[in-house]
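Below is one structure, written out as structure tokens, with a few remarks after it.
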2 protein chains.
Amino acid sequence: MNSPTASLPTLTTDIVPFAIRGERLEVLLARQTTGWGLPGGPVGVDEDLDAAARRQLAEQTGLSDVYLEQLYTFGRPDRNPARRMVAVAYFALIPIASGSAGVPAAGDAARWAAVDEPPPLVLDHGEIVAVARRRLAAKLLYSTIALQLMPERFTLSELQAVHEIILGEPLDKRNFRKRVLAMDRIEATGELARHGGRRPARLYRALHPGQVELIK
Amino acid sequence: MNSPTASLPTLTTDIVPFAIRGERLEVLLARQTTGWGLPGGPVGVDEDLDAAARRQLAEQTGLSDVYLEQLYTFGRPDRNPARRMVAVAYFALIPIASGSAGVPAAGDAARWAAVDEPPPLVLDHGEIVAVARRRLAAKLLYSTIALQLMPERFTLSELQAVHEIILGEPLDKRNFRKRVLAMDRIEATGELARHGGRRPARLYRALHPGQVELIK
DNA sequence: TGTAATAGTGTTCAAATGACACTAATATAA
DNA sequence: TTATATTAGTGTCATTTGAACACTATTACA
């Protein structure tokens with residue numbers, strides 16, 4: 001275990017795990033001794049930062065194989081009154097559970113919260129969530145990052161809904177479709193989504209799953 | 001002084017100090033025991049990260065009051081073979097010396113190097129410089145960041161030259177002027193720059209010096 | 001067979017962008 | 001004093017891009 005010393009700041013990672021659930025953008029929180037906060041914790045002495053973030057996310061929420069991106073490093077000396085801690089923050093994007101069980105949440109130790117009306121969080125985790133949210137919305141506009149929130153097969157309506165939820169505004173259906181198809185990063189599978197009571201939609205898949213590319 | 005321990009990574013800041021000198025984008029390097037590298041070093045136990053970066057830049061190069069922005073945190077366990085070090089990297093933008101002495105460089109302990117043909121640098125500092133350079137070029141296109149490289153008074157031709165040097169491509173004079181004036185972030189002072197042998201140019205100044213705004 | 005619900009599709013206008021060439025003002029040299 | 005060299009400064013037109021906008025198609029179910 002890492003024990004804090006007087007001579008060095010403790011280095012941690014904190015992860016903001018985003019997913020679209022229902023009609024909202026939500027964050028997965030981890031229970032801590034003093035309240036709810038972001039999954040995360042101390043970085044091992046010889047552990048890579050990205051690896052530490054992945055490990056902590058998996059240990060505290062059961063999530064693995066997700067998209068992870070470094071966000072910012074928070075290091076104000078007073079961010080933790082107890083002892084000096086510097087946090088390398090990441091955000092994670094968790095695909096909408098497609099059909100199967102839904103996103104795992106480690107029972108009592110984790111819970112989802114809406115990003116727009118979050119509960120009070122420990123330390124500066126509220127600020128970290130806000131920064132992550134802004135970054136995510138910004139990247140929607142010039143990258144293929146939204147695909148990381150989608151299941152393997154998805155409809156264009158679903159993809160549009162994800163954009164609308166994150167941006168917080170409705171988008172024009174025809175313009176949206178024109179734009180995402182022009183990117184050439186998704187293709188129709190030929191299959192149809194059946195959901196009862198209405199016209200079935202074509203299913204698409206990402207051409208380079210896992211990759212996030214800048215566009216235009 | 002900070003002494004490394006077995007149980008925690010040492011946390012440092014590294015700063016990439018950019019300036020336009022002559023017709024090139026250059027970086028200010030600091031002499032280290034094993035060669036040339038970026039200014040930087042250990043973060044104090046109760047020192048803010050930004051403050052640590054500013055302090056180290058001042059101590060090692062004499063530069064103060066410059067634009068500073070956090071870049072990325074580099075933490076691969078093998079980036080320093082001697083002992084585990086995690087570096088929060090920043091870049092700094094140093095205004096072109098306007099008339100006066102030129103950018104201070106602390107004698108023997110610091111030197112400027114062209115970004116395009118850098119000398120070998122210690123550790124992963126070459127990579128850090130490359131990342132910083134890409135970020136700077138990207139931000140030119142959608143922010144007013146270039147103004148941080150300009151002296152208090154400057155001509156539009158000088159501003160255009162700065163863009164061209166960083167982007168590595170020539171820009172159309174009329175379109176460039178249209179664009180930067182439309183931003184409404186600089187204004188003509190009414191003065192003229194005299195430089196002998198040709199038509200004098202109008203001098204402009206930044207409307208909100210020190211601020212970097214996103215545009216469009 | 002009718003109805004309710006979502007999927008899917010083009011055109012038109014406005015705005016932004018990109019290409020392009022000449023005149024103006026100064027210092028210096030002839 | 002005049003000619004020349006050098007950089008500053010300016011507008012238009014064509015193309016591309018972005019935004020607004022409404023109807024038909026396909027299915028499940030009543």
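What you see is a predicted model; the values in this text were computed from it and never measured. Here is the naming used below: chain letters follow the sequence lines, and residue numbers restart at 1 for every chain.
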Which whole-number value in Å describes the distance from Arg179(A) CZ to dG18(D) P?
-> 9 Å
DNA chain C-proximal residues of residues 164-172 of chain A, any heavy atom under 4.0 Å | none
Minimum heavy-atom distance between His195(A) and Ala201(A), given as atom pair plus value = CE1-N, 3.9 Å
With side chains defined as the heavy atoms from C-beta onward, is the minimum distance between Pro95(A) and Glu152(A) less than 4.5 Å?
-> no
Note, Leu28(A) side chain near Ile15(A) side chain (heavy atom, < 4.5 Å) = no
Whole-Å distance, Glu158(A) CD to dG8(C) P, equals 11 Å
Kindly check if the number of other-residue, nucleotide or ligand heavy atoms within 6.0 Å of CG (Asp65(B)) is above 12?
-> no
Could I get a table of every N or O pair under 3.5 Å where one atom is in the protein and the other is in nucleotides 11-13 of chain C?
unit_1, atom_1, unit_2, atom_2, d
dT11(C), O4, Lys178(A), NZ, 3.1

Could you check how far CD of Glu191(B) sits from P of dT26(C), rounded to whole Å?
-> 15 Å
Tell me what Arg202(A) touches on the nucleic acid: a base, only sugar-phosphate, or nothing, going by heavy atoms under 4.0 Å.
-> sugar-phosphate
Might you list the N or O atoms of the protein lying below 3.5 Å from N or O atoms in nucleotides 22-26 of chain D, with each pair's distance?
unit_1, atom_1, unit_2, atom_2, d
dA22(D), N1, Arg174(A), NH1, 3.3
dA25(D), N3, Arg199(A), NH1, 3.0
dT26(D), O2, Arg199(A), N, 3.2

Can you tell which of Asp14(A), Leu57(A), Leu29(A) makes a side-chain contact (heavy atoms from CB on, under 4.5 Å) with Pro39(A)?
-> Leu57(A)
On DNA chain D, nearest-nucleotide positions of Leu192(A) versus Leu192(B): which is more 5'?
-> Leu192(B)
May I ask you to evaluate whether Ser157(B) reaches the phosphate of dA8(D), defined as a side-chain N or O under 4.0 Å from OP1 or OP2?
-> yes
Could you tell me whether Arg177(A) contacts a base, only the sugar-phosphate backbone, or nothing, with contacts defined as non-hydrogen atoms closer than 4.0 Å?
-> base
Could you check if a side-chain atom of Ser157(A) sits within less than 4.5 angstrom of a side-chain atom of Arg177(A), using non-hydrogen atoms only?
-> yes
Leu71(B) versus Tyr90(B): any side-chain heavy-atom pair under 4.5 Å?
-> no
Hey, can you pull the residues of residues 140-149 of chain A with a non-hydrogen atom under 4.0 angstrom from DNA chain D?
-> none
Applying side chain to side chain donor-acceptor pair (under 3.5 Å), which residue pairs with at least one partner in residues 134-143 of chain A are found, sequence neighbours left out?
-> Glu69(A)-Lys139(A)
Rounded to whole angstroms, how far apart are CZ on Phe176(B) and P on dG9(D)?
-> 12 Å
Is any side-chain heavy atom of Ile145(A) closer than 4.5 Å to a side-chain heavy atom of Leu93(A)?
-> yes
Can you tell me if His125(A) uses its side chain to pair, donor with acceptor, with the backbone of Gly37(A) under 3.5 Å?
-> no
Would you say the side chain of Gln70(A) lies within less than 4.5 Å of the side chain of Val88(A), judging by non-hydrogen atoms?
-> yes
Do Gln32(A) and Thr34(A) have side-chain N/O donor and acceptor atoms under 3.5 Å apart?
-> no
Do Leu136(A) and Leu25(A) come close enough that some side-chain heavy atom pair is under 4.5 Å?
-> yes
Rounded to the Å, how far apart are Ile215(A) CD1 and dT17(D) C1'?
-> 14 Å
Please collect all ring-ring contact (aromatic ring centres under 6.0 Å, His included) contacts where either partner lies in residues 163-184 of chain B, sequence neighbours excluded, each pair once.
-> His163(B)-Phe176(B)
